[in-house]
Amino acid sequence: MTDLEEVLQNKMPSAAWVIDVEHSTVPMLNPAAERLLVGSLGQIQAGQRQIPLALKQKWQSRLSHSQKDQRFSCRWPFSSDPSQSYQCVGSTVQLADGRNGILLEVSSNAITQTPSSVPEKDMGLLRQFKTLSFAIFSLDGQFINASDFFLNHFGEVKHINYLFAVSSAAKSFMARVNGQSSLSQEIMLSTANGVRWHRIEASFDAELGQIYLLAHDIQEERDHEVALYRLNNYDSLTNLPNRNLLYQQLESALQNAKKRERQFGLMYLDLDGFKVVNDNFGHRVGDELIQRVAERIKSSIPAGACLYRLGGDEFVVVLENTNALSELEDIAQSIMQNASNTYPVAKMDMMISASIGIASYPQHADDVDNLLKNADAAMYRAKSTGHNLYFVYENQMADNINAHLTLGGGLRKAIENEEFELHYQPKVALPDENVVGAEALIRWNHPELGMVSPDKFIPLAEESGLILPLGEWVIRRACRQLQEWREQGYPALCLSVNLSSRQFMQADLVDMVQTILEETGVDPAYLELELTESMLMTDAKQSIEKLHSFRELGLTLSIDDFGTGYSSLSYLKKFPIQTLKIDRSFIHDIGIDGDNDAIVKATIAMAKSLNLKVIAEGVEHRSQVNALGGYDCQEVQGYLYSKPLPSADFVQFMQKQVGHESFSLVETGTL
Ligand code: C2E
Ligand code: MG
Ligand code: MG
């Protein structure tokens, strides 16, 4: 009897046996093993007990992995029910001929389920749940069993590691599951249809050495959450983060900057004249332009800066971790340079510029709201100074904004309190330079702010709708003035009034003008309406009808600020207008810029061919009059002759005009 046999027979009371793996035989077993395991130890063939092939393969792999003298735990199938197994302790032993074999001994608490055989009745129960994704793995991650749904969903998973989309996630999962009896986690798993988010519930049975895994596919929930998140935090037109994310980033930038004693800054951008594009070409073209502009701005800012769309034509750029304001100014420069190049939109080359305001922490404000407000104030300053400019915030800018708000609030009261007045700027005919008419320009005599210019309050009046009563007041006041001058014996002058777009859209505008004409007794031939290109192009068809109605009343019609809008010259023919007023920006550069001269010259020639009178506004220098006269411009208006004057001053101005004695009413005694 060998030593091994001696030990087996006499020293091991529980079932013990030796496997000769290479020959698939059981060369030794003790009586306890004979009793307990005889069925599962294989059939006797040619005097040798042969183990099944599957078991041979399993033990071969075990033998090659285990070291001599190292004990390991394992299972051996029941003889009567192969789905059950005995818990065993095994070790590598040397057989008589020097080869390695395995000695197995059933440990005391032997009867247990084998991993490869979760009770069929349980698995059957689990399988009834058609959508239950359930699987069992051994503690070392080997696949043991799974529900059909699991197998369909994940495909063949030989090892738990294959389930995880990220290999480090598998590692940490195994580490965690080992340390606790159950865990729940949301994680990405590799399914037969690609990587998807799952909620997994795992439990660990220490006694059986098994991991039970329930996997619930939550990809749709996730997609929904992501869609909702995008909806709440991103602008759908440009795909840029929106106001919500802006506030979040600003709050976190503020905290970081405070903690690390660093600066950060932001710039507020607003496109110049975007409303004109929307009004003239519709929202679809406007939207496309916004998309192109957003792309352009994005490509003009450094990687560390983030661009947000606040809505409309407003954007914000945030730059964290900056050391100097000049960094922000450089970005503003780069945006302005790039943004003002042409955009190919709707088969046109469009141009649009941006006004930018800059504010930085901690220099200009130490909370998010004030930073935004101050950058906005700086932007507002840029816009009101001229277009395509940037301004860094300065203290008194906020006061301007406050004044802006006060203006808005006070506007309604101002109408009631009759704080408005009209000033008159003469129009002069070339070449004789006789005053032939005037433009009525509104002023607000504000109790605290003094004389406020229309550029400040007309936009507010438009926004609030107060432009309607205000516009009516202007027309009535202008007509009364004409009538007063006539009654006082002055020669007839043509007086023009400006209309705003909202006013032009007013349904009963024509009736209102007619009522005022009848009420004041003014000859309609002496009243001219100044309209802008964008007003007419918003709804060209309706505009044409309205203009015809005015013509039927006997009024004359003029296009103001000509050249700044987007109207097409061919379209102009369709509008029953009599006068084109060339915008002062063209007149300003006359004699300086050759291209500009060519435009003015061509506009005058074109107007002539359309039978329109041309007037140039903003004439400040004699050289401009000379050039315009040379191009055959019929009338001019500007500071060279006079600024807009209150009614009494206007009369005095007229009286002083050489060759206009007829206006010297002092002599006639009527003034
Ligand atoms: P607008 O109709 O183009 O009026 C011409 C503006 O140019 C006036 O500014 C006038 O004072 C200014 N101007 C005239 N000559 C010169 C010059 O030689 N050089 C320079 N630099 N400027 C000159 P104002 O009075 O401030 O009016 C601004 C705008 O406000 C007007 O532009 C008009 O669009 C609007 N507006 C004025 N009055 C009314 C009104 O009663 N109703 C409406 N809806 N808008 C008005
Ligand atoms: Mg005008
Ligand atoms: Mg004008």
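None of these values were measured; they are calculated from a predicted model. Position 1 is the first residue of the sequence, and the numbers go up from there. We count ligands from 1, going down the list as the structure has it; atoms in each ligand are counted the same way.
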### Query
By atom name, which N, O or S atom of D560 is the nearest to the Mg ion (ligand 2)?
OD2
### Message
Heavy atoms only: which of Y639, F457, F420, F504 lies closest to atom 16 (C) of ligand 1?
### Response
Y639
### Query
With a 4.0 Å cut-off, would you call K298 and E295 a salt bridge?
no
### Task
Under 4.0 Å from a heavy atom of E617: give me the atoms of ligand 1 that qualify, with their elements.
3 (O), 5 (C)
### Task
Just let me know how V474 lines up against ligand 1, side chain, backbone, both or neither, with a heavy-atom cut-off below 4.0 Å.
side chain
### Query
What do we get for V619 next to ligand 1 when only non-hydrogen atoms under 4.0 Å count, side chain, backbone, both or neither?
backbone
### Message
F420: which residues meet the ring-ring contact (aromatic ring centres under 6.0 Å, His included) condition with it, sequence neighbours left out?
### Response
W444, F457
### Query
Any N/O/S atom, backbone or side chain, of D561 lying under 2.8 Å from the Mg ion (ligand 2)?
no
#### Entry: Location of contacts on S500 toward ligand 1, heavy atoms closer than 4.0 Å
both
### Check: S300 main-chain N/O paired with S334 side-chain donor or acceptor under 3.5 Å
yes
#### Entry: N498 OD1 and E530 OE1 subtending at the Mg ion (ligand 2) (10° steps)
90°
### 4.0 Å heavy-atom contact, G618 with ligand 1
yes
### Message
Need the ligand 1 atom indices (1-based, order shown) with element for anything under 4.0 Å from a heavy-atom of P644.
### Response
11 (O)
### Task
Output the atom name for the N/O/S atom of E439 with the smallest distance to the Mg ion (ligand 2).
OE2
### Task
Heavy-atom distances under 4.0 Å are what count here, so tell me which part of Q637 touches ligand 1: side chain, backbone, both or neither.
neither
### Message
If the cut-off is 2.8 Å, does any N/O/S atom of S496 fall short of it from the Mg ion (ligand 2)?
### Response
no
### Query
Do ligand 1 and D560 have nitrogen or oxygen atoms that lie under 3.5 Å from each other?
yes
### Task
Between E439 and ligand 1, find which residue part has any heavy-atom pair under 4.0 Å and reply side chain, backbone, both or neither.
side chain
### Query
At under 4.0 Å between heavy atoms, which part of R443 makes contact with ligand 1: side chain, backbone, both or neither?
side chain
### Message
Please list, in number order, the atoms of ligand 1 under 4.0 Å from a heavy atom of Q425.
### Response
14 (C), 15 (N)
### Query
Between the candidates I442, N498, T532, which shows the shortest non-hydrogen contact distance to atom 43 (C) of ligand 1?
N498
### Query
Taking both backbone and side-chain atoms of E620, is any N or O found less than 3.5 Å from an N or O belonging to ligand 1?
yes
